[in-house]
Amino acid sequence: MDYIYLAIALPLLGVLVNGFFGRRMPRKAVGTIASLVILGSFVVSLVAFLGYLAAEGGTHTVTLLPWLSLPPLEISYGFLVDGLSLVMALTVSFVSFLIHVYSMGYMADDDGYPRYFTYLNLFVAMMLTLVLADNLVLMFVGWEGVGLCSYLLIGFWYKKAAPPVAGIKAFIVNRIGDFAFLIGMFLIFWLYGTFSFTELRQSVETVALAGHFPLTLIALFLFGGAIGKSAQFPLYVWLPDAMEGPTPVSALIHAATMVTAGVYMVSRMSFLYSMTEVAMLVVACVGAFTAIFAASIALVQNDIKRVLAYSTISQLGYMFLAAGVGAYWIAIFHLFTHAFFKALLFLASGSVIHGMRGEMDMRKMGGLAKYMPHTYWHFLIGAMSISGIPLLAGFFSKDQILFAAFTARPDIWPNAGMVLWIVGVVTALFTAFYMFRQIYLVFLTKPRFDVAEIHPHEAPASMIAPNWVLAIGSVVAGFIGLPALFAGIIHIPNMFQPFVASAVAGGVHVAEAAHGAQELFKEVLTTSISVVVALLGLGLAFYLYQVRYGTTEKLKKAFAAPYRVLLNKYYVDEFYDNTFVQPGRVLCEQLSRVVDLGVIDGVVNSIAFVIGAVGQVLRPIQTGFIRNYAWYISAGAILLVILLWLGLAAK
Amino acid sequence: MEPIVAYSLVLSAVLFTMGVLAVLARRNPIIMFMGIELMLNAANLAFIAFSRHLDKLDGQVIALIFMAVAAAEVAIGLAIIVSIYRYRRDVDVDAVNVLRG
């Protein structure tokens with residue numbers, strides 16, 4: 001499929017049309033064009049996917065144009081079509097299409113309608129560039145491009161106070177990660193002399209540098225970029241603030257697609273990560289720590305979108321955990337299922353906010369299931385999927401991550417797998433609890449607002465329809481990548497793994513792990529524990545918010561100190577503010593005072609002063625009397641003659 | 001050197017000096033202007049004298065060009081003097097010093 005670049009070109013066309021003419025076109029046309037180009041992208045990706053299947057592992061690159069040719073540096077607009085990029089392209093374009101449709105309803109009354117769809121189309125174009133690029137530099141273009149769109153869309157409501165600030169925060173925090181990413185890229189070029197993924201893979205796999213220090217360094221620097229983009233500890237702080245943007249944006253960019261770029265990058269570079277156990281372990285540990293860290297914050301948050309934001313951070317942590325133990329295909333599988341249920345949860349929360357006239361505080365909700373039955377079902381399906389209720393999409397992917405962690409035995413720390421698994425299981429417990437706490441607080445408990453005044457109402461059809469598609473996806477998406485245990489029972493083979501595994505390195509031991517009675521026992525064990533934990537979390541939420549409603553207030557008093565720490569998000573933002581932001585501000589103020597006003601302005605002003613002073617001295621010469629000037633000229637002429645004469649006489 | 005050339009050069013020098021003195025000493029712009037013309041024509045005379053001495057036509061050609069330029073310069077110079085007079089009702093050059101630094 002040589003026309004894969006159309007998947008990127010179509011949204012760019014949408015950007016041009018809506019960007020230049022959007023304000024003069026009717027709103028329906030703007031939204032329809034924007035959605036149709038994304039549908040076009042999806043169709044192109046689908047055709048490419050079918051072509052790939054027909055050609056039996058038809059991994060190939062499509063080089064469109066040369067870009068930079070500075071030997072030995074050769075960079076082209078090239079696209080790599082393989083299992084990994086196709087899964088990403090399909091997920092991105094499909095979820096984006098649904099969110100575009102949803103946005104037509106959600107943003108219908110917004111003044112910035114054409115601007116919104118222009119940004120959204122640009123985002124999809126950049127995201128597809130990121131996932132389809134066949135070299136690191138083009139990927140970096142997409143990487144920065146999605147960052148830009150994220151910034152623009154977080155600060156979309158620029159007239160309010162908080163959104164622009166949140167946008168700047170997101171951009172700056174991402175830049176810290178991108179800096180590391182760039183260093184990683186430079187190191188790669190220095191070491192291997194190429195940016196192309198295919199050539200790089202050959203170099204890395206043929207030149208035996210396993211465990212070599214520069215390799216570890218490269219992997220860690222690249223992971224630094226992933227930490228920023230995918231909101232991992234310690235650079236996750238921008239994601240919760242990103243919720244200031246419109247809710248569909250939160251669903252698309254800050255849950256389903258852009259934030260998964262880091263996971264995609266690690267999987268894309270898996271041939272490199274597999275060579276260095278240290279970097280792998282770092283990836284897994286950062287992922288696991290972020291997973292439990294963010295999940296614990298989500299336990300007590302009151303803002304409906306913030307809970308989901310921390311949940312996203314936590315799930316991204318799971319993905320890195322999977323990648324870190326070598327189960328790249330499972331990381332991508334979880335990314336794939338997560339795109340469905342997290343987009344669904346965000347869009348459903350958008351419907352809630354829409355129906356509640358912009359209210360986001362869960363303490364002022366309750367009992368909404370009666371008013372918004374569709375949305376309730378969407379949210380419930382999403383929550384069950386993410387919590388790992390058996391047979392839903394999230395169950396299969398999360399279960400396999402935990403199993404992969406359980407069986408991992410890194411040489412440098414053999415027990416790491418067990419530790420990671422325990423952290424993962426506790427996170428799963430937290431996840432189930434905070435999701436069902438949210439269900440109870442929003443939909444089931446008694447209304448804690450004035451029903452007569454607010455009139456909660458169900459969202460329009462254009463918002464419900466895409467949610468149902470996502471809800472179905474959240475239920476069935478898991479069946480294409482069943483764990484060996486279930487694949488054996490239901491007789492649906494795991495289609496996802498061979499498809500993606502061809503494009504990523506390693507993960508072999510996970511594939512083999514399914515064989516043998518002992519392995520099967522382990523799988524049954526971990527799966528059962530996952531199920532028990534999910535139900536435990538659900539039951540706890542049921543007990544605290546349904547059976548003994550009000551117990552939570554007592555618990556808050558009993559555990560006042562830990563509660564306050566969690567509610568304030570471990571004071572990480574305050575810590576950053578005191579350690580980096582405020583000293584930075586003081587430094588900048590000093591610099592502006594001393595260097596800018598003192599040195600730079602001082603130099604410029606001094607030059608101006610000298611010129612002025614010289615002018616003052618020379619002023620009297622210019623008397624304005626014409627005869628004085630005539631005297632000067634005559635005197636000069638006579639002087640010249642005398643000098644000439646003296647000169648001649650000297651000869 | 002032919003005597004006629006030598007005489008012409010002496011006359012040229014005398015005329016030039018008179019022109020300089022007129023410009024430097026007089027306050028009436030018309031007279032100053034005439035001094036300038038005198039200097040120009042003194043130079044012309046020198047050109048023609050040298051033209052003859054060197055037996056080349058270049059000097060005479062330059063003299064002709066100078067005359068054309070001088071005519072244009074007179075037109076502009078007189079126009080400026082008339083403007084100053086209309087504006088100030090006075091043409092004493094020592095009273096006009098608006099370009100003082």
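Here is the naming used below: chain letters follow the sequence lines, and residue numbers restart at 1 for every chain. Hydrogens, waters and symmetry mates are skipped; everything else that's a heavy atom, side chains included, is used.
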Under 4.5 Å from any heavy atom of chain A - which part of Val20(B):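 When you check distances to chain A, only side chain atoms of Val20(B) fall under 4.5 Å.
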Would you please go through residues 627-643 of chain A and name the residues with a non-hydrogen atom below 4.5 Å from one of chain B, in numerical order?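 Residues in range: Arg627(A), Tyr629(A), Ala630(A), Trp631(A), Ser634(A).
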Would you find more than 12 non-hydrogen atoms of other residues, nucleotides or ligands less than 6.0 Å from [X] atom [atom1]?
X: Phe66(B); atom1: CZ; answer: no
X: Ile4(B); atom1: CD1; answer: no
X: Met34(B); atom1: CE; answer: no
X: Met25(A); atom1: CE; answer: yes
X: Tyr151(A); atom1: OH; answer: no
X: Phe50(B); atom1: CZ; answer: no

